[in-house]
Each structure stands twice: as structure tokens, then as C-alpha cells.
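Here the structure comes first, spelled out in C-alpha cells, and everything after it is commentary.
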Amino acid sequence: MAHSSTPSSDRLPSRPNLRGRGVLVAWLFIAPALLFYSAFVLIPIGMTAYYSLLRWNGIGVAQFRGLTNYLTVLTEPDLLATIGNAFQLVLYFSLLPVGIGLGVAQIIRKHLGGPFGTTARTVLFIPQVIPLVAAGIAWSWMLASNGVVNQLLQAIGLGAWTRGWLGDFDFALPAVGIIGAWVLLGLCTMLLVTGIAKIDPTLYEAAKLDGASGWDEFVHVTLPGLRQEIGVCITVTVIAALASFDIVYVATGGGPGGTTNVPGLEIYRLAFAHRQVGLASALAVVLMILVIVCILPIQWLMRERRR
């Protein structure tokens, strides 16, 4: 008796159909995040780039100006000074937290699970959970002429160094940098401590057996093991320095005499105080490009090391 058999291709979907269905499902999962990302990131960036080509006060009729606003940003001394101040803050926002964080992480490496390690990590992470506005206000009080910092200097016999730190033309920007370094120290330390915990302890034991000193362990074991974490810390802190606004706005307002003015604060002033939306947008685009130019080499170096 002949039995009719149904080909397997009639019972199962073909591979192209399965692949197409998988792509559709993937896009359905991505769509919500992509929608929010487009609405709150891509579209605003596009609108900012468009506004940067206009002369517009935010209310009236806009006039097309082409690249004039960008020429102004790149030739106006006051605007270039804000970019220079931001790069100076990179030295404080990035080098100090990463350098101190490495030292602290190395110190508490042997006590990660004990009460000392837990207490140290908690204390160091406190600045990260404090609002930047509150941190700026608190530090502006401490750095005032009659603040805690000057009182301590007088107490140890360094009264000649007392000054209104945030109102001094020479020390205002470094003082703002110290505030930013204090805020970012906790984040960098936590990242580096977490990275140290992932390093194989046998590497340190082998280094000790070879007679390596504590410095040799740090250079040849800790630093190579923390390469990716250091890259993340530098990336985060550089972005925080170039895009700084809160701390500067609260602590100094860009003064004295514009010595602490930064692009983020200048964008705010141009757009909302001077009604120069086009020029503010051009400065914002230039700032975004500078951030990308600074971050891409760091990411490239991390990728090369990983290989």
C-alpha cells in the first residue's frame, strides 16, 4: 500500500523565513530604546546643528548665516578662552582622581573583604552620591575668605597663604578643579578597586616569590590588570571636565573676570541671557566634536591593548 509522505519543507519554515522573523523580533525589542534615543539624543543633536547655522534669538524670525557662528566660536578670544579653561580642568578632573584612586586601591587591595576596605570604599564614594549643586555650595563656603580651609592654614602657621580661593584670579580655576577631583575620586576609586578584585592573586604571589617590591607589584601587576578600568575612568573624567557646568555655575559663576568660564556655562549664557541661540548651538557642536576627538583615541588605545 502506497503511503503519501509530506516533504519536510512543507512542514517546517524555510531558513530565510526564520531569519527574517528573527530580524523582525530583534527590531521589535530594539524599537523602544531606539525611539527614546532618537527622541532625546539624535533629534536634539540634529536640531542643535541646524540652529548653529542660524541667527536666532529663540523667538523671532531666524536668519540663515551658514558657518558664520562657527567662525565666531573659533576666532572670538573669550569663547576660545572657555575651551582652554575646560582643557585645564581635565588635568584636575582626570589626573588627580585616577592617580589618587590608583594609590588608594592599591592600599586597600589586601583588605577588600574586611571592615577597613568596606569603610574606605563607603567614605570615598560619598562625594559621588552628593548632588553637584550641594557639593559646589559646600566647597564655596569652605574656600571662602573666612572658610575652613583658611582657618586650617592659619592654625598651622600658613596664614600668608590664606585668600578667597574662588575669587582669586590665579587660584580660582585650580580651586574649581579640586572640587571636581573630589567629586570624581569616589567613582574612580570604586572602579579601580573592582578591577583589582578581578586580578588573579597568584600573580601577586609570584611577584613576591621573585622578590618584587610593592612598587614593582604596582607597575608590573596592578597597572596592566587595570588597563581597561583606567581607560573607563579617564573617559568619564575627561567628559566631565569638558562638559562641566554645575560646579562652576554654583561655585564661581564663571568669575572672577571669566577665569573659570567654561563652554557649558557660556552656552547657557549665550542661549538664555543674550538670546544668541545660533552662536550657543555652534559652541555646543564644537564642544561635542572636542569631546569625541578626545575620547576616540582613548577607546582606540583600549581596543588595541585588548587585542
Side-chain angles (χ1 to χ4, degrees), residues 82-108 120-136 138-139 143 166 171-198 218 222-252 254 259-267 284 286-306:
T82 64
I83 298 175
N85 291 339
F87 277 104
Q88 290 185 53
L89 287 181
V90 171
L91 301 177
Y92 298 96
F93 279 47
S94 186
L95 294 183
L96 286 180
V98 175
I100 298 175
L102 281 170
V104 173
Q106 179 71 4
I107 291 173
I108 67 176
R121 283 179 289 180
T122 302
V123 172
L124 289 170
F125 195 70
I126 287 177
Q128 191 63 33
V129 300
I130 296 176
L132 292 180
V133 173
W139 274 94
L143 295 172
L166 295 174
F171 290 94
L173 190 62
V176 171
I178 295 297
I179 299 174
W182 177 79
V183 171
L184 294 168
L185 176 60
L187 175 63
C188 292
T189 302
M190 291 298 294
L191 288 173
L192 295 172
V193 168
T194 304
I196 282 184
K198 296 187 298 183
F218 177 73
T222 303
L223 284 182
L226 293 178
R227 187 174 290 117
Q228 294 184 17
E229 285 77 11
I230 292 173
V232 173
C233 289
I234 293 176
T235 300
V236 172
T237 53
V238 167
I239 293 175
L242 295 178
S244 57
F245 173 81
D246 312 65
I247 295 175
V248 179
Y249 181 78
V250 173
T252 64
T259 54
T260 61
N261 200 14
V262 290
L265 184 57
E266 188 64 22
I267 291 168
V286 171
L287 178 61
M288 180 185 68
I289 294 173
L290 288 176
V291 170
I292 294 174
V293 169
C294 293
I295 295 306
L296 283 181
I298 300 174
Q299 300 299 316
W300 179 79
L301 288 174
M302 290 176 59
R303 186 178 298 111
E304 288 296 313
R305 294 293 186 180
R306 200 175 295 127

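Atoms considered below: every heavy atom in the structure, side chains included; atoms not considered: hydrogens, waters and symmetry mates.
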Below 4.5 Å, heavy atoms only, C-beta onward: do [X] and [Y] meet side chain to side chain?
X	Y	result
Leu265	Thr260	no
Val286	Ile83	yes
Val250	Asp246	no
Val232	Gln228	no
Leu173	Thr259	no
Phe245	Leu132	no
Trp182	Ile130	yes
Phe218	Leu102	yes

So, taking the atom named [atom1] in [X] and the one named [atom2] in [Y], what distance separates them when rounded to the nearest 0.5 Å?
X	Y	atom1	atom2	answer
Ile100	Leu184	CD1	CG	11.5 Å
Leu290	Ile239	CG	CD1	12.5 Å
Ser244	Asn85	OG	CG	9.0 Å
Trp139	Leu143	CH2	CG	6.0 Å
Leu185	Thr237	CG	OG1	11.5 Å
Ile247	Ile179	CD1	CD1	6.5 Å

Which atom pair, heavy atoms only, marks the closest approach of Leu191 to Cys233?
-> CD1-SG, 3.7 Å
Side chain to side chain contact (heavy atoms under 4.5 Å, CB included) assessment of Leu96 paired with Ile178 = CA-CA 8 Å; Leu96 286 180; Ile178 295 297; 3.9 Å; yes
Applying side chain to side chain contact (heavy atoms under 4.5 Å, CB included), run through Glu266 and Val262 and close with a yes or a no.
-> CA-CA 6 Å; Glu266 188 64 22; Val262 290; over 6 Å; no
Do Glu229 and Thr194 pass the side chain to side chain donor-acceptor pair (under 3.5 Å) test, and can you show the C-alpha distance, the side-chain angles, and the key distance before you say yes or no?
-> CA-CA 9 Å; Glu229 285 77 11; Thr194 304; over 6 Å; no
So Ile230 and Leu223, side chain to side chain contact (heavy atoms under 4.5 Å, CB included) or not? Walk me through it.
-> CA-CA 8 Å; Ile230 292 173; Leu223 284 182; 3.9 Å; yes
Would Gln106 and Thr222 count as having a side-chain donor-acceptor pair, cut-off 3.5 Å?
-> yes
